[in-house]
**Q** 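The structure is given below, and queries will be raised subsequently.
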Amino acid sequence: MEKNYPEFLNREKKVQEHRLPDLRNVKGKVVMRMAPSPSGPLHIGHSRLGILNDEYVRRYGGELILRIEDTNPSNIDPNAYEQIPKDLEWLGVNSTQVVIQSDRMELYYREARRLLEQGNAYLCTCNTEEYKEKLAKSVACPHRSVSPHENLELFERVLMGEFAPGEIVLIIKTQLDHPNPSVRDWIAFRISEANHPRHGHKYRFYPMMNFSVAVDDHLLGLTHVIRGKDHINNTERQKFIFNYNNWTLPEYYHYGLVDFPQVVLKTSIIKKGIADGTYTGWDDVRLGSLLAFRKRGFSPETFRRYWIESGMREIDSEFSIEIFNAMNKEFIDQRTRRLFFVPDPVTLEISGAPHLKPVIQNHPSNRELGNRSYNLGKSPSVSIPGSDWASITDGEEFRLKDLCNVRKTGEAIAFVSTEPTGKRVKILQWCPIESHKFTVMKPDGDIDVGLMEPQGEKFRGVAQLERYAYVNVLSDEEGYFTHK
RNA sequence: GCUCCGAUGGUGUAGUCCGGCCAAGCAUAUCGGCCUUUCGAGCCGACGACCCGGGUCCGAAUCCCGGUCGGAGCACCA
């Protein structure tokens, strides 16, 4: 066989393993970063950023800097400073250093002065309307040609508080005739009098993201930057600062945008929803926050595998919850015990049954999870799912899993045998009469109510409720739907 | 409108840089079969894709040109 048809063997060996492409221009170790704004807890979109960066730092060695971009004081959730590192830890993303931008304001001022001195930046008091119109027409405003000396003086006056919000901004010169209008002279600092959670009113002239990012990417020694495609134009803008200072550019990568259908991610919407009671909190399972996925019992390994498989292409894609769930199932199934949950229960007596003492394995193959048993007595009553009962025809035989076979006789059931009869019949989960009420909250907002078998009472964590779904059991009364 | 980017089955991807081993791989979903310790898992099988049109070439998913469609940016947000 091997001698005659070697090509057959080669074909079968073609097993695909998803691996991220190598980075360009790696010299020894890499320095990378993930830079969320602290406007709330991390969501599934952030997880891609964290995991891709983390994967490369693991591959090449080096630093992964968590840089918290809090230079817009009016969009900060103070809890995020604590929550973001926790979210990353849960994901298994190891940052080696945490940098908080608002603690680096003096550095930004230093770099701003340098650019003013070079004549590569200017302060501008045009109103927004004028400014935009001029940019669109590639026309310079009078402030653009003010001398470095005057600009430096003016800059100090701005820091002293001589101007109100909206009255003045610091602008980076690029090319007024740049073919891409979004790259033309851009705003690098603006005044904000909002209270900053870390610094109160100490500062009032805050750098915009494009400025602080460029400065920090250089000062922190970034070798490679991975971020979403929505930053492509920002990269072009930031390059001007690198070039004015003769700084070495990092290698940039921009992965495509991911559409998350029917998942709520927008901070502003979530905040509003929490405030008006639509959502119970950041961990509301209808949301796409990592807290919500965690509450639903997802494994952090799933995020890693999913994003590695998605790769770094610039192509936009749609998040596939189907594939995500399937991956999660693979991770959790072996370690997940089984329990019987009966939604919308119908209670029936098994007439003519002998004394029943079922012993049920907690997992079909993982023996370490042990088993459970019940002493039900003769002709016990059990509950089965109402929808199943409705679909069974009169006289039809079916099996109560790990208990006995029965036959539907009108509105009751009759015992057939304890052992399977070898016939191909429906197999249903069931609950003894002492079962307790249990509620499952689903991510679409639906709620299923039913019975949980008595031995489920002590259990906490993710269980596979047989024939129903994987559910994260958080209390005796309540669980959260993971997936089918 | 301007600038940039992208396009492989229902979905997510591999392959595209350096054209042939791609009559296109994997996963997921769906359907069917086996299995009675699940309508789960597992195993087996089926279904199903290179956006369109030209060009170069012995040969194009891959290179070139044009088009179509989709996306991002054009904020005193990040």
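All chains are named by letter (A, B, ...) in the order of the sequence lines, taking the proteins before the strands, and each is independently numbered beginning at 1. Everything quoted here is computed from the prediction, not taken from an experiment.
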**Q** Distance alone, cut at 3.5 Å: any donor-acceptor contact between the side chains of Asn180(A) and Glu236(A)?
**A**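 No, no side-chain donor-acceptor pair sits under 3.5 Å.
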
**Q** To the nearest Å, how far apart are Ile308(A) CD1 and rA27(B) P?
**A**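 The distance from CD1 of Ile308(A) to P of rA27(B) comes to 18 Å, rounded to the nearest Å.
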
**Q** Answer with base, sugar-phosphate or nothing: what part of the nucleic acid does Ile427(A) contact at a heavy-atom distance below 4.0 Å?
**A**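 Base contact - Ile427(A) has a heavy atom under 4.0 Å of at least one base atom.
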
**Q** Distance check, rounded to the nearest 0.5 Å: Leu465(A) atom CG versus Leu339(A) atom CG?
**A**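 Rounded to the nearest 0.5 Å, the CG-CG separation comes out at 6.0 Å.
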
**Q** NA contact type, Arg67(A), heavy-atom cut-off 4.0 Å: base, sugar-phosphate, or nothing?
**A**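 Counting heavy atoms under 4.0 Å across all strands, no contact is made by Arg67(A).
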
**Q** Quote, to the nearest angstrom, the C1' distance that separates rC21(B) from rG59(B).
**A**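 My reading of the C1' atoms in rC21(B) and rG59(B) gives 14 Å.
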
**Q** Expressed as a whole number of Å, how far does the C1' atom of rG53(B) sit from that of rA7(B)?
**A**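 Nearest-Å result for rG53(B) against rA7(B) at atom C1': 16 Å.
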
**Q** Please check if the number of heavy atoms outside Lys426(A) that lie under 6.0 Å from its NZ is greater than 12.
**A**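 Yes, because the 6.0 Å sphere around NZ of Lys426(A) holds more than 12 heavy atoms from other groups.
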
**Q** What's the CD1-P distance between Ile384(A) and rU38(B), to the nearest Å?
**A**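 About 18 Å, once rounded to whole Å.
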
**Q** Within a radius of less than 6.0 Å around CD of Glu82(A), do more than 12 heavy atoms belonging to other residues, nucleotides or ligands occur?
**A**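 Counting neighbours around CD of Glu82(A), 12 or fewer heavy atoms of other residues, nucleotides or ligands fall under 6.0 Å, so no.
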
**Q** Check every strand shown and say whether Lys329(A) touches a base, only sugar-phosphate, or nothing at a heavy-atom separation below 4.0 Å.
**A**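 The answer is sugar-phosphate, as Lys329(A) gets under 4.0 Å only of primed atoms, P, OP1 or OP2.
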
**Q** Ignoring hydrogens and angles, does a donor from either the side chain of Glu309(A) or the base of rG12(B) sit under 3.5 Å from an acceptor on the other?
**A**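 Answer is yes: a donor-acceptor pair is held.
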
**Q** In terms of relative ring orientation, are Tyr203(A) and Tyr206(A) parallel, tilted or perpendicular, with 30° and 60° separating the classes?
**A**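 Perpendicular.
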
**Q** In the strands shown, is rC35(B) matched to any nucleotide by a Watson-Crick or G-U wobble pair with both distances under 3.5 Å, and which?
**A**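 Here rC35(B) is not engaged in any pair, so there is no nucleotide opposite it.
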
**Q** Only one of Tyr374(A), Trp430(A), Phe459(A), Tyr468(A) forms a ring pair (Phe, Tyr, Trp, His ring centres under 6.0 Å) with Phe340(A), so which one is it?
**A**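 Of Tyr374(A), Trp430(A), Phe459(A), Tyr468(A), ring pair (Phe, Tyr, Trp, His ring centres under 6.0 Å) with Phe340(A) is met by Trp430(A) alone.
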
**Q** Any strand is fair game: report the nucleotide pairing with rC69(B) by Watson-Crick or G-U wobble, both distances under 3.5 Å, or none.
**A**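 Answer to the pairing question: rG6(B), which forms a Watson-Crick or G-U pair with rC69(B).
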
**Q** Classify the side chain of Arg313(A) and the base of rU13(B) as holding, or not holding, a donor-acceptor pair under 3.5 Å.
**A**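 Absent.
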
**Q** Say whether Glu130(A) and Asn127(A), considering side chains only, have a donor N or O and an acceptor N or O under 3.5 Å apart.
**A**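 Yes, because at least one side-chain N or O of Glu130(A) sits under 3.5 Å from a partner of the opposite role on Asn127(A).
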
**Q** Base contacts versus sugar-phosphate-only contacts with protein, heavy atoms under 4.0 Å: please encode nucleotides 72-78 of chain B as B, S and - from 5' to 3'.
**A** SBBSBSB

**Q** Starting the side chain at C-beta, find the nucleotide from rU28(B), rU38(B), rG12(B) nearest to Tyr306(A).
**A**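 Ranking rU28(B), rU38(B), rG12(B) by closest atom to the Tyr306(A) side chain puts rG12(B) first.
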
**Q** State, without any angle test, whether His43(A) and Ser289(A) hold a side-chain donor-acceptor pair at a distance under 3.5 Å.
**A**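 Absent: no donor and acceptor within the cut-off.
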
**Q** Need one value for Pro364(A): base, sugar-phosphate or nothing, where a base atom within 4.0 Å counts as base even if backbone is also close, heavy atoms only.
**A**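 It contacts base atoms.
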
**Q** Using the C1' atom on both, measure rU13(B) against rA61(B) and round to a whole Å.
**A**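 Here rU13(B) and rA61(B) have their C1' atoms 15 Å from each other.
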
**Q** With both distances under 3.5 angstrom, what nucleotide forms a Watson-Crick or G-U wobble pair with rG40(B)?
**A**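 In the structure as shown, rG40(B) has no Watson-Crick or wobble partner.
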
**Q** Contact class for Glu314(A) (heavy atom, under 4.0 Å): base, sugar-phosphate, or nothing?
**A**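 The answer is sugar-phosphate, as Glu314(A) gets under 4.0 Å only of primed atoms, P, OP1 or OP2.
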
**Q** For rA75(B), which nucleotide in any strand shown is its Watson-Crick or wobble partner with both distances under 3.5 Å?
**A**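 Its partner is none (no Watson-Crick or G-U wobble pair with both distances under 3.5 Å).
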
**Q** Could you check whether the rings of His483(A) and Tyr470(A) sit parallel, tilted or perpendicular, using 30° and 60° as the cut-offs?
**A**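 Geometry flag for Tyr470(A) against His483(A): tilted rings.
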
**Q** Nearest whole Å is fine: how far is rC5(B) C1' from Arg227(A) CZ?
**A**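 One finds 15 Å between C1' of rC5(B) and CZ of Arg227(A), rounded.
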
**Q** So which nucleotide does rA46(B) pair with, by the Watson-Crick or G-U wobble rule with both distances under 3.5 Å?
**A**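 Its partner is rU30(B).
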
**Q** What integer distance in Å separates Gln334(A):CD from rG42(B):P?
**A**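 Spelled out: CD on Gln334(A) to P on rG42(B) is 10 Å.
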
**Q** How far does the C1' atom of rA24(B) sit from the matching atom of rG67(B), given to the nearest Å?
**A**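 Rounded to whole Å, the distance is 26 Å.
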
**Q** To the nearest Å, how far apart are Leu339(A) CG and rG40(B) C1'?
**A**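 Interatomic distance, CG of Leu339(A) to C1' of rG40(B): 14 Å.
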
**Q** Within the distance-only criterion (no hydrogens, no angle test), does the side chain of Thr174(A) pair as donor or acceptor with the backbone N or O of Asp185(A) below 3.5 angstrom?
**A**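 Answer holds: yes.
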
**Q** Establish, with yes or no, whether the OP1 or OP2 oxygen of rU13(B) is under 4.0 angstrom from a side-chain nitrogen or oxygen of Ser317(A).
**A**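 For Ser317(A), the contact criterion (side-chain N or O under 4.0 Å from OP1 or OP2 of rU13(B)) is met.
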
**Q** Using atom P of each nucleotide, how far apart are rC44(B) and rA29(B) to the nearest Å?
**A**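 Their P atoms lie roughly 16 Å apart.
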
**Q** Describe the nucleic acid contact of Val425(A) in one word from base, sugar-phosphate, nothing, applying a heavy-atom distance below 4.0 Å.
**A**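 Touches a base.
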
**Q** Remember a base hit wins even if backbone is also touched, and classify Glu322(A) as base, sugar-phosphate or nothing at under 4.0 Å, heavy atoms.
**A**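 It contacts base atoms.
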
**Q** Should rU13(B) form a Watson-Crick or G-U wobble pair with both distances under 3.5 Å, which nucleotide is its partner?
**A**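 Here rU13(B) is engaged in a pair, and the nucleotide opposite it is rG25(B).
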
**Q** Which residue, Asp388(A) or Glu318(A), contacts RNA chain B at a nucleotide closer to its 5' end, judged by nearest heavy atom?
**A**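 Its nearest nucleotide being more 5', the pick is Glu318(A).
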
**Q** Given atom CZ of Phe303(A) and atom P of rG12(B), what is their separation to the nearest angstrom?
**A**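 From Phe303(A) CZ to rG12(B) P: 18 Å.
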
**Q** How far does the P atom of rC26(B) sit from the matching atom of rA46(B), given to the nearest Å?
**A**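 Nearest-Å result for rC26(B) against rA46(B) at atom P: 11 Å.
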
**Q** Decide yes or no, distance alone: a donor-acceptor N/O pair under 3.5 angstrom between the base of rU3(B) and the side-chain of Glu236(A).
**A**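 Checked by distance alone, the answer is no.
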
**Q** Taking rG71(B) as the reference, what is the distance to rC76(B) when you measure between their C1' atoms (whole Å, please)?
**A**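 My reading of the C1' atoms in rC76(B) and rG71(B) gives 27 Å.
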
**Q** Assess whether one donor atom and one acceptor atom, taken from the side chain of Arg184(A) and the base of rU3(B), lie less than 3.5 Å apart.
**A**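 No.
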
**Q** Parallel, tilted or perpendicular: which fits the ring planes of His224(A) and Tyr253(A), with parallel below 30° and perpendicular above 60°?
**A**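 Ring orientation of His224(A) relative to Tyr253(A): parallel.
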
**Q** Considering Watson-Crick and G-U wobble pairs with both distances under 3.5 Å, what does rC58(B) pair with?
**A**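 Base-paired to rG20(B).
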
**Q** From CE of Met312(A) over to C1' of rG12(B), roughly how many Å is that when rounded to an integer?
**A**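 Checked: the CE to C1' distance equals 17 Å.
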
**Q** With a 3.5 Å cut-off and just heavy-atom distances, do the side chain of Arg399(A) and the base of rU38(B) make a donor-acceptor pair?
**A**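 Looking at the base of rU38(B), it does not pair with any donor or acceptor on the side chain of Arg399(A) (distance under 3.5 Å).
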
**Q** Within this structure, what is the CG-to-C1' distance between Asn328(A) and rU28(B), rounded to whole angstrom?
**A**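 Rounded to the whole Å, the gap is 14 Å.
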
**Q** With rounding to the closest Å, how many angstrom separate the P atoms on rC51(B) and rG6(B)?
**A**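 These two P atoms come out 14 Å apart once rounded.
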
